[in-house]
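Take a look at the structure set out below.
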Amino acid sequence: MLSSLQSFPPNPIPVTSTSKIHHNSWYSTTLTRLPNRRKSLFIVCAANPDDYNATLKALNSRKRFPRKSLGQHYMLNSTINDQLAAVANVKDGDLVLEIGPGTGSLTNVLIDAGATVLAIEKDPHMASLVQERFADTGRLMVIQEDFTKCHIRSHMLSLLESKNLAVTGTRHAKVVANIPFNISKDVVKQLLPMGDIFSEVVLLLQDETAIQLVEPSSRSSEYRPINIFVKFYSDPEYKFQVPRANFFPQPKVDGAVVSFKLKQPSDYPSVPSVKSFFSLINSAFNGKRKMLRNTLQHICTPSEIEETLRTVGLPATSRPEELTLDDFVKLHNSLVNT
């Protein structure tokens, strides 16, 4: 990492609000088709020297090194930032939440598209850098906080009110972010239940995490409570893979872009209590290989569980990994009414 910075010109030009990275037609990408298992997906393989240089200049201007403790891996490929914004269809007048803007490479794309950006950045040095870089645009608000601990709903509602944006129809806000891989699931759990504020959440995650969140279905060995959670609140779609060579420093894993189309609260599966529903889900999966009549016996007796399963059209010997979201909804509602 140090050698990469030292290979740079000795007096780099600091990145300020007037030194934007412009994306021109000379930028080239190589698109490689993935196996048929993901027919609509593609890999972007490119690392333009100007993107690499601009990122290092921004870091060098603050004498900063990417911090492993913060999961910092900076994007070196502006085309991927363009595609992130394109997946979310970011357009003029949109309000976009960005998590971990870093040096502002994605922020630049979002603002150029005409969006107003609320950026949450834990690193005070990066928060200051990105604030200064876009100070003249009037389109960026930076909050220096740990996203996993901040009251994002309060921040968003305040910003929506200040911008006189109604949270209705197409005026819902969006999330577009290249997030630290180590907080991926925390971010997903925090954002997906916010369909009253956001219409779509587009995240660059670790590839393995992206697959775990989107692809597993019932009867899969990877099926987990998080899969029920994701489908309860959204319609997820794996978009494309991002090879690790596009990041600095290079992680040990590839990334991937996932889009979560958030459901409106009125469209959530009908359950008397969301809290009670997910409590049942978590209990059911505590003994993943065990039958539900055993994992849920703190709710009802095994015989009552068996009878309820039969009532909703499921085998008395059902295991949690065999049930779909709709199955769990029927089971929960039947148990609540027992």
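Along the sequence shown, residues are numbered consecutively beginning with 1.
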- Query: Taking it one step at a time, do Asn81 and Ser105 satisfy side-chain hydrogen bond (donor to acceptor under 3.5 Å, both in side chains)?
  - Reply: CA-CA 7 Å; Asn81 289 327; Ser105 60; 3.2 Å; yes
Which value, rounded to the nearest 0.5 Å, describes the distance between [X] atom [atom1] and [Y] atom [atom2]?
| X | Y | atom1 | atom2 | answer |
| --- | --- | --- | --- | --- |
| His155 | Met141 | NE2 | CE | 7.0 Å |
| Leu335 | Ser276 | CG | OG | 9.0 Å |
| Thr301 | Glu307 | OG1 | CD | 10.5 Å |
| Leu157 | Ile197 | CG | CD1 | 4.0 Å |
| Glu98 | Ile179 | CD | CD1 | 11.5 Å |
| Gln297 | Ile305 | CD | CD1 | 9.0 Å |

Could you tell me whether the side chain of [Y] reaches within less than 4.5 Å of the side chain of [X], counting heavy atoms only?
| X | Y | value |
| --- | --- | --- |
| Leu203 | Val258 | no |
| Glu200 | Lys261 | yes |
| Glu322 | Asp327 | no |
| Leu106 | Pro101 | no |
| Pro272 | His332 | yes |
| Phe134 | Val117 | no |
| Ile228 | Tyr223 | yes |
| Thr148 | Lys122 | no |

- [ ] Take Leu191 and Phe147 through the test side chain to side chain contact (heavy atoms under 4.5 Å, CB included) and record every step on the way to the result.
- [x] CA-CA 11 Å; Leu191 290 176; Phe147 181 80; 3.7 Å; yes
For the side chain of [X] and the backbone of [Y], is there at least one donor-acceptor N/O pair under 3.5 Å apart?
| X | Y | value |
| --- | --- | --- |
| Asp235 | Lys263 | no |
| Asn246 | Leu76 | no |
| Gln264 | Gly195 | yes |
| Arg244 | Lys252 | yes |
| Glu237 | Lys239 | no |
| Ser128 | His125 | no |

Which heavy atom in [X] sits nearest to a heavy atom in [Y], and how many Å separate them?
| X | Y | value |
| --- | --- | --- |
| Arg293 | Ala316 | CD-O, 4.1 Å |
| Ser270 | Asn333 | O-ND2, 2.9 Å |
| Asp207 | Ala256 | OD1-CB, 3.3 Å |
| Pro236 | Val230 | CG-CG1, 3.6 Å |
| Pro269 | Leu325 | CG-CD2, 4.0 Å |
| Ala284 | Thr295 | O-OG1, 3.5 Å |

Start with the C-alpha distance between Lys189 and Ile226, add both sets of side-chain angles, then the distance that settles side chain to side chain contact (heavy atoms under 4.5 Å, CB included), and finish with yes or no. CA-CA 8 Å; Lys189 289 177 181 179; Ile226 189 67; 3.8 Å; yes
Crowded around Glu208 CD? As in, over 12 foreign heavy atoms under 6.0 Å?
no
Taking atom NE2 as the centre, does His151 end up with more than 12 heavy-atom neighbours from other residues, nucleotides or ligands that are less than 6.0 angstrom away?
no
In Phe232, Phe328, Tyr268, Phe229, the residue satisfying ring pair (Phe, Tyr, Trp, His ring centres under 6.0 Å) with Phe277 is Phe232
Please lay out, stage by stage, how Asp82 and Thr79 fare under the test side-chain hydrogen bond (donor to acceptor under 3.5 Å, both in side chains). CA-CA 5 Å; Asp82 291 335; Thr79 297; 4.8 Å; no
### Message
Assess the residue pair Ser283 and Leu296 against the criterion (side chain to side chain contact (heavy atoms under 4.5 Å, CB included)); give the C-alpha distance rounded to whole Å, side-chain angles, the decisive distance to 0.1 Å, and a yes or no.
### Response
CA-CA 7 Å; Ser283 295; Leu296 298 180; 4.0 Å; yes
Salt bridge Asp196-Arg153, side-chain N to carboxylate O under 4.0 Å: yes
Query raised in the report: Do Val257 and Leu204 pass the side chain to side chain contact (heavy atoms under 4.5 Å, CB included) test, and can you show the C-alpha distance, the side-chain angles, and the key distance before you say yes or no?
Result: CA-CA 4 Å; Val257 173; Leu204 203 173; 4.1 Å; yes
Taking Leu118 as the starting point, is it possible to reach Met194 by hopping between hydrophobic residues whose side chains are less than 4.5 Å apart? yes
Check: In the single-linkage hydrophobic clustering (I, L, V, M, F, W, Y; side-chain heavy atoms under 4.5 Å), do Met291 and Leu331 co-cluster?
Finding: no
